[in-house]
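All values below come from the heavy atoms of this structure, side chains included, with hydrogens, waters and symmetry mates left out. All chains are named by letter (A, B, ...) in the order of the sequence lines, taking the proteins before the strands, and each is independently numbered beginning at 1.
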Number of protein chains: 2
Amino acid sequence: MGRRKTYERDDVTERAMRLFWERGYHATSTRDLTEAMGLNPGALYAEFGSKEGLYLEAIRRYESTVVPGHFATLEAPGASLEQVRAVLNFMGGMGAYDGSHLGCLLCNAGIELAPTLEQSEASTARFLDRLTRAFGHALENARAGRRLAEDAPVDELARFFPTVLMGIFVLARARVDAAVMRAAADQALARLASVTAQGRGGPAPVA
Amino acid sequence: MGRRKTYERDDVTERAMRLFWERGYHATSTRDLTEAMGLNPGALYAEFGSKEGLYLEAIRRYESTVVPGHFATLEAPGASLEQVRAVLNFMGGMGAYDGSHLGCLLCNAGIELAPTLEQSEASTARFLDRLTRAFGHALENARAGRRLAEDAPVDELARFFPTVLMGIFVLARARVDAAVMRAAADQALARLASVTAQGRGGPAPVA
DNA sequence: CGGATAGCATAACGATCGCTATTCTACAAT
DNA sequence: ATTGTAGAATAGCGATCGTTATGCTATCCG
């Protein structure tokens with residue numbers, strides 16, 4: 001009974017996510033949000049409880065839609081060297097895309113709010129852990145398939161690559177020259193190449 | 001003529017810088033600032049013009065005091081492989097220090113304010129460029145001294161290392177496990193080792 | 001068709017924001 | 001000692017913040 005909602009939760013959450021992503025938490029007012037989401041303050045608070053609640057919901061949406069969009073292949077059970085390379089390659093080329101200046105919402109959230117909002121710090125740590133597991137899994141697969149050297153430092157590489165990605169996200173948001181991102185990703189790939197089975201002991205890889 | 005100031009500009013700027021560093025721009029109010037700096041609002045505005053002016057001054061102070069504290073050796077004319085390794089090593093061990101959760105003010109500024117404050121974006125880009133030049137210079141020295149392979153990709157490495165550092169700063173602020181930072185730095189060092197003169201064609205370096 | 005009710009639209013709440021005006025005080029010059 | 005002035009201290013400005021209360025409207029149930 002009663003009136004029907006004129007919005008869908010997913011849709012308005014998406015809009016809020018994009019605004020937080022672009023401007024950050026504090027620089028986005030609840031009036032900006034209601035306007036972009038196309039709903040009145042009452043509806044916002046009935047639906048999400050608070051600005052903080054909406055922010056955390058936006059983070060959840062990011063984790064469940066944007067992150068898989070970029071890392072689903074890497075997280076697939078059969079992921080191996082190709083998927084590791086593809087992810088690094090893609091992120092290295094990110095500077096060429098419109099919208100790359102947004103960076104990564106989870107990275108941004110960690111920087112802006114880690115000292116004051118525990119759940120924000122946690123989301124960044126969770127993201128890092130997720131990436132580390134994904135890279136680790138794919139690298140393990142590669143080693144099991146004898147495509148990596150026996151003693152390749154899989155765990156360290158699995159921690160290294162996400163860190164490089166975080167660095168690239170920072171560069172992207174600061175609108176640094178795309179060539180820097182490209183070079184960073186290429187050097188990470190070169191490190192990987194130096195522990196691949198055929199690359200082992202060969203000439204220094206990458207130009 | 002008239003009354004004497006009861007503060008020193010350097011001192012209050014330092015205090016403001018530390019507060020901005022810890023909390024970010026928006027989460028630091030002018031009341032927080034006046035309290036921490038030990039001066040009244042009038043003095044703050046007479047001295048710095050605005051909150052934004054004070055922030056930019058804090059950034060300048062960071063660039064002229066904190067940055068050299070960490071990178072002076074790398075920026076020295078004679079810097080070579082040792083200095084490159086030392087910087088990466090130090091940043092890799094940063095997680096062990098109290099206060100590492102602050103991250104890097106310039107990195108934080110880029111993430112939080114790049115979309116809305118041009119000068120903040122510029123400061124991050126400037127920092128990146130500065131690091132790139134420093135690494136590039138040191139690596140050039142190393143190559144000239146035949147300590148790097150002839151065809152070592154100096155320019156790419158010089159762009160790669162600062163990116164890794166940015167990633168480590170993000171991790172630090174999100175209080176990620178210190179071992180991740182250590183691993184990231186170690187893998188960057190391993191990439192370097194693979195293009196050093198004696199490392200060339202040898203076994204895959206680093207455990 | 002006529003309550004009951006859930007959601008929309010609007011206004012406005014108290015608090016805090018960045019910033020400024022005012023008043024008082026300490027020091028320098030005469 | 002008097003006076004002019006720069007700075008300190010305080011109060012408070014208008015604006016905006018996150019949030020909530022109020023009245024109106026559309027829909028469901030009987």
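- In this structure, the separation between CG on B:N108 and CD on B:E22 is 11.0 Å, given to the nearest 0.5 Å.
- Under the 3.5 Å distance criterion, with hydrogens and angles disregarded, no donor-acceptor pair is assigned to the side chains of B:Y25 and B:E52.
- Whole-Å rounding puts the B:N40 CG to D:dA6 C1' distance at 12 Å.
- Taking atom CG of B:L44 as the reference point, atom P of C:dC17 lies 14 Å away to the nearest angstrom.
- Spacing between atom CG of B:L39 and atom P of D:dT10 amounts to 13 Å, rounded to whole angstrom units.
- The CD-P distance, from A:E47 to C:dG7, rounds to 8 Å in whole Å.
- By the 6.0 Å and 45° rule, B:K51 does not stack over the aromatic ring of B:Y45.
- No side-chain N or O of B:T132 forms a donor-acceptor pair with one of B:D129 less than 3.5 Å apart.
- In this entry the distance linking CZ of B:F48 with C1' of D:dG7 reads 15 Å, nearest Å.
- Among D:dA11, D:dA8, C:dG7, the nucleotide with an atom closest to any side-chain atom of A:R3 is C:dG7.
- Residue B:Y7 is in sugar-phosphate contact alone, with no base atom involved, counting any heavy-atom pair closer than 4.0 Å across all strands shown.
- Dashed line: the shortest gap from a side-chain N or O of A:Y45 to OP1 or OP2 of D:dT20 is not under 4.0 Å.
- Here the P atom of nucleotide D:dA9 and the NZ atom of B:K5 are 14 Å apart, to the nearest Å.
- Of the residues near DNA chain C, B:P41 and B:G2, the one whose nearest nucleotide (by heavy atom distance) lies more toward the 5' end is B:P41.
- Near DNA chain C, defined here as any heavy-atom distance below 4.0 Å, the residues from residues 15-38 of chain A are A:R31, listed numerically.
- More than 12 heavy atoms of other residues, nucleotides or ligands lie within 6.0 Å of CD in A:E82, so this atom counts as buried by the packing criterion.
- Close placement of the A:F90 and A:Y97 rings is indicated, their centers lying within 6.0 Å of each other.
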*Dump the intermediate steps for salt bridge (Lys or Arg N to Asp or Glu O under 4.0 Å) on A:E57 and A:R61, then the final yes or no.*
CA-CA 6 Å; A:E57 191 64 24; A:R61 182 169 179 86; over 6 Å; no
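- Evaluation of atom-type donor-acceptor distances gives no pair under 3.5 Å for the side chain of A:R4 against the base of D:dT27.
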